[in-house]
Amino acid sequence: MMSQEQNDLITRTGPKDPCGKLMRSYWQPAALVDELEGARPIRPVKLLGESLVLFRDESGRYGLIDRHCAHRGADLAFGRLEHGGLRCAFHGWLFDATGQCIETPAEPQDSKLCQNIRQRSYPVVEKSGILWAWLGEGTPPAFPEIDCFVAPGTHTFAFKGHMACNWLQALEVGIDPAHASYLHRFFEDEDTSTAYGKQFRGASAGSDLPMTKILREYDRPIINVEHTEYGLRLIALREIDQERTHVRVTNQLFPHGFVIPMSTEMTITQWHVPVDDENCYWYAIFTSYTNPVDKQKMRDQRLELYELPDYISRKNKANDYGFDPHEQQTATYTGMGTDINVHDQWAVESMGAIQDRTKEHLGQSDKAIVQYRRLLRQEIEKVLGGEKPMLHLDEGNARSIQGPATMDGIGPTQGWETYWMEVDVKRRRGAPWMAPVPKDIADNVHRLTAAE
């Protein structure tokens with residue numbers, strides 16, 4: 001348990017909040033590139049508690065500026081794209097992508113008023129299907145050379161979804177290896193050959209055992225947590241028998257991301273981005289190490305659940321997440337269908353808008369949660385003291401963060417420590433794009449052995 005003051009410290013991300021200052025030390029996902037396709041590329045965006053509007057002008061430049069016009073506060077999300085910027089529909093004031101007012105047409109012909117008017121604006125860059133915004137001060141950091149940013153566009157796919165809760169509880173479900181054996185339990189195993197694009201539905205590497213069977217039958221994992229340059233590495237071990245152990249390697253990517261294996265072919269890099277203190281979006285980049293991603297299939301699968309334009313789940317609190325007591329008795333642990341995103345959403349939203357951690361009781365299986373919260377408090381204190389936090393990189397050291405390595409497979413009970421590294425290295429070396437081998441893994445794997 002923790003005090004209310006401690007809980008506020010690690011959950012609240014407004015401009016004046018300590019955790020908000022930390023979050024503004026990093027590029028933040030603001031929208032999918034897909035959201036600005038079409039005839040009217042304008043989207044209202046709420047990010048870290050700030051109300052903004054995102055647009056693309058006629059020349060292709062992205063602008064992210066205050067949503068309310070500097071004239072008299074009208075909503076620029078209803079503005080007009082013309083003459084090199086976004087024009088307010090109230091009096092016609094025109095703002096370019098930097099927030100500079102370039103026309104005040106209702107003013108006298110010789111008026112210089114616009115020269116002194118500027119909307120607050122933030123830089124935007126496009127990367128791997130996501131538009132990233134820098135809400136901090138000074139020079140933005142460099143992006144780490146992690147797989148989802150290194151892979152070509154043909155081998156990545158980006159998507160997002162809304163959760164009606166604080167960002168921290170949404171993140172913490174992703175760094176909790178034990179929950180998958182319960183929350184995502186299926187009582188029957190499906191044909192793993194139809195698992196493309198679905199998490200926990202394929203076979204584990206090095207075997208034909210479905211992940212659903214492994215999670216269901218081996219539900220007391222041994223969890224190891226290691227501190228890394230990018231956050232935390234989590235290793236969950238489920239012993240099948242004396243010779244075989246299931247090994248799942250996942251990562252916490254500071255400040256609010258994780259990198260996990262989706263299948264033997266893909267990984268998921270996912271961020272949990274505060275809209276405000278009681279809502280967040282998860283943004284995910286799926287990265288393939290084999291064939292190009294079937295983006296249409298991946299998108300169609302996800303649009304069965306998420307409704308545009310706001311990427312809100314069709315199964316939600318208002319309809320009890322589709323809960324079916326008969327299904328809970330016979331098919332799934334939750335009774336909420338087969339999409340694990342629904343399971344996760346129920347779990348984190350049911351805690352309340354901001355989880356009351358003064359009442360929780362953590363166990364051994366929560367060791368990653370405990371370590372992450374300590375890390376989060378440590379980095380908040382760094383920023384308050386004027387230091388740069390973890391993973392705030394410059395161009396000179398961006399390449400120092402690569403990977404990170406992930407794995408989901410069945411290896412030897414004796415020797416799993418190098419087995420998972422060998423599997424990851426083999427996949428990287430076989431990729432059709434130059435997937436870097438993280439130095440800490442390369443130093444420990446001199447040749448491929450068991451994984452071959």
What's the verdict on side chain to side chain contact (heavy atoms under 4.5 Å, CB included) for Ile65 and Val53, showing C-alpha distance, side-chain angles and the deciding distance? CA-CA 6 Å; Ile65 64 177; Val53 62; 3.6 Å; yes
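- Taking a 6.0 Å sphere around CZ of Arg399, one finds it holds 12 or fewer heavy atoms contributed by other residues, nucleotides or ligands.
- With Asn251 contributing its side chain and Ile260 its backbone, the two residues share no donor-acceptor pair below 3.5 Å.
- Residues Gln252 and Gln371 form no side-chain contact, since every pair of their non-hydrogen atoms from C-beta on lies 4.5 Å or further apart.
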Run the ring pair (Phe, Tyr, Trp, His ring centres under 6.0 Å) check on Tyr283 and Phe159 step by step: do they pass? CA-CA 6 Å; Tyr283 283 82; Phe159 201 77; 9.8 Å; no
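- In this structure Glu82 satisfies the side chain to side chain donor-acceptor pair (under 3.5 Å) test together with Arg80, Arg87, sequence neighbours excluded.
- A cation-pi arrangement is present between Lys160 and Tyr281, with the terminal nitrogen or guanidinium carbon under 6.0 Å from the aromatic centre and inside a 45° cone about the axis.
- The 12-atom threshold is not exceeded at CZ of Phe78, counting heavy atoms of other residues, nucleotides or ligands nearer than 6.0 Å.
- No close placement of the His343 and His179 rings is indicated, their centers lying 6.0 Å or farther apart.
- The shortest distance between side-chain heavy atoms of Lys21 and Ser25 does not fall below 4.5 Å.
- A donor and an acceptor atom, one from each side chain of Gln296 and Asp300, are located under 3.5 Å apart.
- Remark: Asp17 CG to Asp277 CG distance equals 6.0 Å, nearest 0.5 Å.
- In this structure, the side chain of Arg185 engages the main chain of Ser181 through a donor-acceptor pair within 3.5 Å.
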Hey, mind stepping through Trp271 and Phe258 against ring pair (Phe, Tyr, Trp, His ring centres under 6.0 Å) and telling me if it holds? CA-CA 7 Å; Trp271 295 266; Phe258 60 66; 9.3 Å; no
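- A salt bridge links Arg427 with Asp424: at least one charged nitrogen is closer than 4.0 Å to a carboxylate oxygen.
- We find that Arg357 and Glu172 are joined by a salt bridge, their nearest charged nitrogen and carboxylate oxygen being less than 4.0 Å apart.
- The distance from the NZ atom of Lys359 to the CE atom of Met2 is 15.0 Å, given to the nearest 0.5 Å.
- Side chains of Gln100 and Phe95 form no contact here, defined as non-hydrogen atoms less than 4.5 Å apart.
- Between the side chains of Glu50 and Tyr122, at least one donor-acceptor pair of N or O atoms lies under 3.5 Å.
- With salt bridges taken as basic N to acidic carboxylate O contacts below 4.0 Å, one links Asp310 and Arg43.
- With respect to Glu379 and Lys388, no salt bridge is recorded, no charged nitrogen being found less than 4.0 Å from a carboxylate O.
- Using a 4.5 Å heavy-atom threshold, the side chains of Arg67 and Pro44 count as touching.
- Tested against Leu253, the residues Leu391, Thr228, Leu232 include a single side-chain contact (heavy atoms from CB on, under 4.5 Å) partner, Leu391.
- Ring geometry for Phe90 versus His71: interplanar angle of 30 to 60°, hence tilted.
- Under the 4.5 Å side-chain criterion, counting only non-hydrogen atoms from C-beta, Met23 is in contact with His256.
- In this structure, Arg302 is positioned above the aromatic face of Phe286, its NZ or CZ under 6.0 Å from the six-membered ring centre and within 45° of the axis.
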Applying side chain to side chain contact (heavy atoms under 4.5 Å, CB included), run through Phe149 and Lys127 and close with a yes or a no. CA-CA 7 Å; Phe149 297 146; Lys127 208 166 186 66; 3.9 Å; yes
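- Ser350 places a side-chain N or O within 3.5 Å of a backbone atom of Trp346 that can act as its donor or acceptor partner.
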Run the numbers on Tyr306 and Trp282 for ring pair (Phe, Tyr, Trp, His ring centres under 6.0 Å), then give the verdict. CA-CA 12 Å; Tyr306 291 98; Trp282 58 261; 5.7 Å; yes
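- The two residues Thr290 and Ser288 make their nearest non-hydrogen contact at N-OG, 3.2 Å.
- A donor-acceptor contact closer than 3.5 angstrom links the side chains of Tyr321 and Glu349.
- Annotation: the span from Leu376 atom CG to Ile10 atom CD1 amounts to 6.0 Å, rounded to 0.5 Å.
- Ring orientation note: the planes of Phe143 and Trp132 are nearly perpendicular, at an angle over 60° on the 30°/60° scale.
- Contact between Asn397 and Ser400 at its shortest, heavy atoms only, is O-OG, 2.5 Å.
- If you take CD1 on Ile175 and OH on Tyr372, they are separated by 6.5 Å, rounding to the nearest 0.5 Å.
- No side-chain donor-acceptor contact under 3.5 Å links Asp344 and Asn341.
- Salt bridge annotation for Glu226-Arg233: present, with a cationic side-chain nitrogen under 4.0 angstrom from a carboxylate oxygen.
- Contact check for Leu47 versus Val273: side-chain heavy atoms found under the 4.5 Å cut-off.
- Side-chain contact, Gln345 with His162: no donor N or O sits under 3.5 Å from an acceptor N or O.
- The line from CG of Asp96 to NE2 of His83 is 14.5 Å long, rounded to the nearest 0.5 Å.
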Derivation and outcome, side chain to side chain contact (heavy atoms under 4.5 Å, CB included), residues Phe254 and Tyr26: CA-CA 10 Å; Phe254 202 79; Tyr26 303 91; 3.4 Å; yes
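- Residues Ala318 and Asn316 share a closest heavy-atom pair of N-OD1, 2.9 Å.
- Note on Asp147 versus Arg428: salt bridge recorded, some NZ/NE/NH1/NH2 to OD/OE distance being below 4.0 Å.
- The backbone N or O of Phe323 lies less than 3.5 Å from no partner atom in the side chain of Asp320, so there is not a single donor-acceptor pair.
- Between Gln378 and Leu375, some side-chain heavy-atom pair lies under the 4.5 Å cut-off.
- With respect to the salt-bridge test (charged N to carboxylate O, under 4.0 angstrom), the residues Glu360 and Arg373 qualify.
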Determine all donor-acceptor pairs shorter than 3.5 Å in which one atom belongs to a side chain in residues 133-140; sequence neighbours excluded.
from: Trp134; atom 1: NE1; to: Gly136; atom 2: O; distance (Å): 3.3
from: Trp134; atom 1: NE1; to: Gly138; atom 2: O; distance (Å): 3.4

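- Partners of Glu58 according to the side chain to side chain donor-acceptor pair (under 3.5 Å) rule, which considers only residues two or more places apart in sequence or in another chain, do not exist here.
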Determine whether His272 and Gln169 satisfy the following criterion, side-chain hydrogen bond (donor to acceptor under 3.5 Å, both in side chains), listing intermediate values before the conclusion. CA-CA 9 Å; His272 297 82; Gln169 62 218 58; over 6 Å; no
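- For the 3.5 Å distance criterion, the side chains of Thr358 and Gln4 fail to qualify, holding no donor opposite an acceptor.
- Dense packing is recorded around CD of Glu37, with more than 12 heavy atoms of other residues, nucleotides or ligands lying under 6.0 Å away.
- Taking each heavy atom of Cys148 and Thr156 in turn, the nearest pair found is O-CG2, 3.9 Å.
- Salt-bridge formation is detected for the pair Asp34/Arg299: a Lys NZ or Arg NE/NH1/NH2 atom is positioned less than 4.0 Å from an Asp or Glu carboxylate oxygen.
- For Glu327, the CD atom is densely surrounded, since the number of other residues' heavy atoms within 6.0 Å is greater than 12.
- Looking at heavy atoms from C-beta onward, Leu131 lies out of side-chain contact with Leu32 at the 4.5 angstrom threshold.
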